[in-house]
Amino acid sequence: MDDRTEGAGGMTSGSPKKPSKLAVVLAAGAVLCALIGVIAWQGSRRAGNYMDLQTKAEKASTGISADDVMRTEGAVAGTSRAETAETAAPAAATTASAAETAESAAEEIPIDFEEIWKTCPDVYAWICIPDTQINYPVCQSGEDKDPDFYLNHRADGTEEFAGSIYSQYYNSKDFRDPNTILYGHDMSNGSMFQNLHFYEKQDFFDQNREVIVYLPDRILHYRVFAAYNTTDEHILMKYDFFQDPAVFEQYIQEVMDGTNMYSGIIDPETRLTGESRILTLSTCNAYEDQRFLVQCLLQE
C-alpha cells in the first residue's frame, strides 16, 4: 500500500505527489522479495523433479522407504532380491565370484533394479550413507556419450541441473577397480552429494563411517577413512588409471601422508595395501579449482 490519499482512481485531485522515500524503499523491497521467491521456487522445482524419480525407485525397491534403507546394514524386511543375481544382473555386475555372490545373497537387497531399468537403463548401483540424505541410484553413461552426461541429467536421461550420482566409463561397474570414483553436485538444498561436507566435522566423521553400495547381486560395505579438500585434478588420468599396482601403492601412500590434502581428516589407523579397493566420493567445495573428497575402504 502506498501513501497516496484515497480518491477517484486512488489519486488526489490536482498534481500527483512524488512518492515518499519510504514508498520507494518498500517498493524495492517487494521487487527483491519477489525475485528471491522465484529463485527459491525454481530451486525447489528442480529438486522436486529429481525427488519424484527417487520416490519411484524407492517404491520399486520392495516397499522399503529411504529411512529404512539408511538405517539398515543388510538384513531388511521385504521381498528377497536374491533371484536378481541369476536373472537380471547386467553383464558388468556378473563378474563376482560364486562365493561372494552366495555371501551377499544372505543379505536382503532392498532395491528392485529390474523395475528401475525400465526407465533408467544406465543405473547400475545404489549408494546409501546412513544419517545423511545420500540415498541415490548410481549411473554411468556408455562410451558413445559424454563421460559426464549425468552431471546434468537425471537417471532417466532427462536434462536436470542437479544431475545424478554417477561414475565415468573409465571405471568398471563392478567396483573392483583400485579406485572407483563417484561424482555428485554440492546442491544448496542438501541434495545429491552436499551432505558429504558433514565429514568436515570430526564428530560426524568419527560416528558415521559406513557407506553402503547395493548392486543387483550383492551388497558392498565401505568404511570412511579420509575426507579432505584437494585439487580438481582428474585422479584416474593423473595416475594412468592405476594400471600399474606400484602407482596405486604410491597414490594411497600420498593420501595417508596428506600430500595432496589442503585441509581435512584422515584416519591414521586405516591400513591400505596394493590389494585394497577404494571408493572415492567427489563433490565441489567453495573453490572452483578444488574438490572435496570422501574416501572409503571396501570391507572384505
Side-chain angles (χ1 to χ4, degrees), residues 69-74 93 96 100 103-104 107 109 111 124-140 164-168 170-186 192-215 218-230 235-236 239 242 248-249 251-261 263-285 291-300:
V69 173
M70 289 193 289
R71 289 186 175 89
T72 56
E73 297 181 359
E100 287 177 318
E103 182 178 354
S104 292
E107 295 182 282
I109 299 175
I111 307 300
Y124 70 97
W126 189 287
I127 185 170
C128 170
I129 303 181
D131 295 322
T132 74
Q133 294 185 51
I134 297 173
N135 183 31
Y136 296 109
V138 180
C139 305
Q140 184 181 114
S164 301
I165 304 304
Y166 73 98
S167 63
Q168 297 175 324
Y170 308 120
N171 273 131
S172 64
K173 296 180 181 179
D174 58 12
F175 291 80
R176 294 178 181 278
D177 292 335
N179 191 359
T180 298
I181 303 176
L182 302 185
Y183 303 92
H185 278 299
D186 174 12
M192 308 316 293
F193 267 175
Q194 190 280 332
N195 283 187
L196 289 181
H197 289 282
F198 290 176
Y199 284 96
E200 293 180 283
K201 303 294 185 181
Q202 186 73 57
D203 287 348
F204 187 88
F205 182 99
D206 292 339
Q207 297 171 22
N208 297 273
R209 304 291 287 276
E210 180 162 26
V211 173
I212 306 168
V213 173
Y214 296 103
L215 296 176
R218 58 200 166 104
I219 300 173
L220 304 179
H221 295 273
Y222 290 86
R223 182 174 173 80
V224 174
F225 68 88
Y228 57 94
N229 295 289
T230 185
I235 296 174
L236 295 178
Y239 292 91
F242 299 110
F248 180 61
E249 292 182 2
Y251 171 74
I252 59 178
Q253 185 63 48
E254 291 176 358
V255 170
M256 297 307 292
D257 289 346
T259 301
N260 300 324
M261 182 177 76
S263 62
I265 303 170
I266 293 177
D267 175 13
E269 301 300 319
T270 300
R271 295 291 176 261
L272 301 175
T273 72
E275 302 300 316
S276 297
R277 292 298 173 260
I278 293 174
L279 175 64
T280 297
L281 310 178
S282 176
T283 194
C284 301
N285 65 8
R291 302 290 293 177
F292 182 72
L293 307 182
V294 172
Q295 295 189 298
C296 325
L297 175 63
L298 178 62
Q299 304 296 289
E300 298 294 343

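Side chains are part of it too, since the values below use all heavy atoms of this structure and drop only hydrogens, waters and symmetry mates.
- Across Arg218 and Ile109, no two heavy atoms sit closer than the pair N-CD1, 3.5 Å.
- We find the CG-OH distance between Leu279 and Tyr222 to be 5.0 Å, quoted to the nearest 0.5 Å.
- Ser164 places no side-chain N or O within donor-acceptor distance of the main-chain N or O of Tyr166, the cut-off being under 3.5 Å.
- Closest heavy-atom contact between Asn229 and Glu200: ND2-OE2, 4.0 Å.
- Taking the side chain as every heavy atom from C-beta outward, Gln207 and Asp131 never approach each other to under 4.5 Å.
- Between Arg223 and Cys296, every side-chain heavy-atom pair lies at or beyond the 4.5 Å cut-off.
- Rounding to the nearest 0.5 angstrom, the gap separating the OG atom in Ser263 from the OH atom in Tyr228 is 11.5 Å.
- Between atom CZ of residue Phe198 and atom CD1 of residue Ile129 there is a gap of 10.0 Å, rounded to the nearest 0.5 Å.
- Side-chain contact of Asn179 with Thr280: a donor-acceptor pair under 3.5 Å is present, judged by distance alone.
- Using a 4.5 Å heavy-atom cutoff, the side chains of Thr230 and Met261 are not in contact.
- If you take CD1 on Ile252 and CG on Asp257, they are separated by 10.5 Å, rounding to the nearest 0.5 Å.
- Interatomic distance, Asn285 CG to His197 NE2, rounded to the nearest 0.5 Å: 6.5 Å.
- Between the Glu210 side chain and the Asn208 main chain, no donor and acceptor come within less than 3.5 Å of each other.
- Here the closest heavy-atom approach between residue Ser282 and residue Leu196 is recorded as N-CD1, 4.4 Å.
- The side-chain heavy atoms of Met192 and Ile165, taken from C-beta on, include a pair separated by under 4.5 Å.
- Between the side chain of Asn195 and the backbone N or O of Gln133 there is at least one donor-acceptor pair closer than 3.5 Å.
- Using a distance-only test at 3.5 Å, with no hydrogens or angles considered, no donor-acceptor pair links the side chain of Arg176 to the main chain of Lys173.
- Contact of the Leu281 side chain with the Val224 side chain is not registered, since no non-hydrogen atoms from C-beta on lie closer than 4.5 Å.
- By the 6.0 Å contact criterion, CD on Gln202 is enclosed, its count of non-hydrogen atoms from other residues, nucleotides or ligands being greater than 12.
- Between Gly274 and Phe248, the shortest heavy-atom contact is O-CD2, 3.7 Å.
- A donor-acceptor contact shorter than 3.5 Å links the side chain of Gln140 to the backbone of Gln168.
- Atom CD1 of Ile181 is separated from atom CD of Gln295 by 8.0 Å, given to the nearest 0.5 angstrom.
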**Request:** Determine, step by step, whether Glu254 and Tyr239 satisfy the side chain to side chain contact (heavy atoms under 4.5 Å, CB included) criterion, reporting the C-alpha distance in whole Å, the side-chain angles of both residues, the deciding distance to 0.1 Å, and the verdict.
**Result:** CA-CA 12 Å; Glu254 291 176 358; Tyr239 292 91; 2.4 Å; yes
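- At least one donor-acceptor pair closer than 3.5 Å links the side chain of Thr283 to the backbone N or O of Gly184.
- Annotation for Arg291 and Cys284: closest pair NH1-SG, 3.4 Å, computed over non-hydrogen atoms.
- In this structure the side chain of Met256 reaches within 4.5 angstrom of the side chain of Ile266, judged on heavy atoms.
- A donor atom on one side chain and an acceptor atom on the other are found under 3.5 Å apart for Ser172 and Asp174.
- Tyr251 places none of its side-chain heavy atoms less than 4.5 Å from the side chain of Leu272.
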Discussion item. Apply side chain to side chain contact (heavy atoms under 4.5 Å, CB included) to residues Phe175 and Leu215 and explain how you reach the verdict.
Written reply: CA-CA 10 Å; Phe175 291 80; Leu215 296 176; 3.6 Å; yes
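- With hydrogens and angles disregarded, no donor-acceptor distance shorter than 3.5 Å links the side chain of Asn171 to the backbone of Asp177.
- Scanning all heavy atoms of the two residues, the minimum distance from Tyr199 to Ala227 falls at CB-CB, 3.7 Å.
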